[in-house]
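First up is the structure itself, then whatever we jot down about it.
Lettering of chains follows the sequences in order, A, B, ..., and the numbering in each one begins at 1.
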2 protein chains.
Amino acid sequence: MERFKDVLKASNLKSTHQRLAILDCIDSFGHIDIDAIYEHIVPKYPSMSKATLYRNINDLISFHILEEVKLPNQKQQYEIKKVPHIHLLCTHCSKVEDVFVETKPLLEAVTLNSGFTISNSFIVMNGTCKECKA
Amino acid sequence: MERFKDVLKASNLKSTHQRLAILDCIDSFGHIDIDAIYEHIVPKYPSMSKATLYRNINDLISFHILEEVKLPNQKQQYEIKKVPHIHLLCTHCSKVEDVFVETKPLLEAVTLNSGFTISNSFIVMNGTCKECKA
DNA sequence: TCTTAAATAGGATTTATTCCTATTTAAGTT
DNA sequence: AACTTAAATAGGAATAAATCCTATTTAAGA
């Protein structure tokens, strides 16, 4: 993935095999937790250390390349940072979907109501996905 | 707190000192993490065991008496379950505020956009609170 | 190819959470 | 007020999760 090499370079981070494998893995799953990343990578890189995984996850988050995704009643997951969006968690199949919906009116209502200056919002919804309803 | 005795009784849970202390503590703080609960209770009940604390938190969540509060870049916190609301986290003073704002239009937009049937929503916003702005 | 700062491996350590079971207790009953 | 019993606790052991440490390896620029 050339794309991730550029992303890493932009933050002066070396493009190690481990890092690229982590980013690749998270990208292909969309949303995934630490253990699943490890299980997915270790067959390809048997020497991959959990310390390396944890360290990289934390580093990549602080460089805003990854973002944590906190879902109700679920282990913490991670995703490639992208434009703001809402997460939908299907409580039947545990699939996580991204949805892009205008949130400005809500943010404005909250600002008005609270006096907070909002910088970020994290919105998760629980429910049943289209497939599980069928 | 008679209120919590009734709540526990309604779920056929015994009103132990430990449980009441836990509920009291969470109620008075509004939002608080496990370790802070422990530190707060142990001076009053030196025999309080961490196992008891963890077990009770989990039990009270499964009886819908408590709810987990997942905030970005923060340890998991807990609150007394109440009517749905939005959480505001001040990134300066780490205070957590509740705000009650109409979310129906957003939920409808998401339903329309995704085909999900939404059952619950968890909304957190980051920003600067009124006091920290001053 | 050489150099060097950055990154990794993997075991040790620390921290977080759950498990186990003998003892205690809440609360209903007599 | 004492009796009974199922539920709950204490606290140490076990397990799991995350971080730390440092000798070795590696990416990448010269």
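The side chain of B:Ser49 lies closest to D:dA10, out of C:dG28, D:dA10, D:dT26. Relative to the side chain of A:Arg19, the nucleotides D:dT26, C:dT8, D:dT19 differ in distance, and C:dT8 lies closest. In the set D:dA17, D:dA7, C:dT8, D:dA17 carries the atom at the smallest distance from any side-chain atom of A:Lys75. The side chain of A:Thr16 sits closest to C:dA7 out of D:dG11, C:dA7, C:dA9.
A straight line from CG of B:Asn58 to P of C:dA16 spans 16 Å, rounded to a whole angstrom. Counting to the nearest Å, the P atom of C:dA6 and the CG atom of A:Asp59 are 12 Å from each other. Between B:Lys9 atom NZ and D:dA8 atom P there is a gap of 14 Å when expressed in whole angstrom units. For the pair A:Ile22 CD1 and C:dA9 C1', the interatomic distance rounds to 13 Å; values are reported in whole Å. Nucleotide D:dA14 holds its P atom 19 Å from the CZ atom of B:Arg55, rounded to whole Å. Straight-line distance from the CG atom of B:Leu53 to the C1' atom of C:dA16: 12 Å, rounded to whole Å. Atom CD1 of A:Ile57 and atom P of D:dA17 are 15 Å apart (whole Å). Separating the CD atom of B:Glu39 from the P atom of C:dA16 is a distance of 11 Å, rounded to the nearest angstrom.
Heavy-atom minimum distance, A:Glu68 versus A:Tyr78: CA-CD2, 4.0 Å.
Phosphate proximity of D:dT9 to B:Asn56: present, with a side-chain N or O under 4.0 Å from OP1 or OP2. Of the side-chain N and O atoms in B:Gln76, none sit less than 4.0 angstrom from OP1 or OP2 of C:dA16. Close to C:dA5, at under 4.0 Å from its OP1 or OP2, lies no side-chain N or O of A:Asn12.
Residue contacts shown for A:Ile34 are absent, as no nucleic acid heavy atom lies under 4.0 Å away.
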Open item on the list: Please evaluate residues A:Asp24 and A:Arg3 with respect to the criterion salt bridge (Lys or Arg N to Asp or Glu O under 4.0 Å), reporting the C-alpha separation (whole Å), side-chain torsions for both, the decisive distance (0.1 Å), and the verdict.
Closed with: CA-CA 10 Å; A:Asp24 238 12; A:Arg3 153 161 104 97; over 6 Å; no

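Heavy-atom distances to DNA chain D give each of B:Tyr45 and A:Tyr54 a nearest nucleotide, and the one nearer the 5′ end belongs to B:Tyr45. The residue among B:Thr52 and B:Asp35 whose nearest nucleotide of DNA chain C lies closer to the 5′ end is B:Asp35. Across the interface with DNA chain C, nearest-nucleotide mapping of A:Ser47 and B:His17 shows A:Ser47 to be the residue nearer the 5′ end.
The number of heavy-atom neighbours closer than 6.0 Å to NZ of B:Lys95, taken from other residues, nucleotides and ligands shown, is above 12.
Residue A:Met125 is grouped with residue B:Val99 when hydrophobic side chains (ILVMFWY) are merged at heavy-atom distances under 4.5 angstrom, including chains of intermediate members.
Relative ring orientation between A:Phe29 and A:His40 is described as perpendicular, the plane-to-plane angle rising above 60° on a 0-90° scale split at 30° and 60°.
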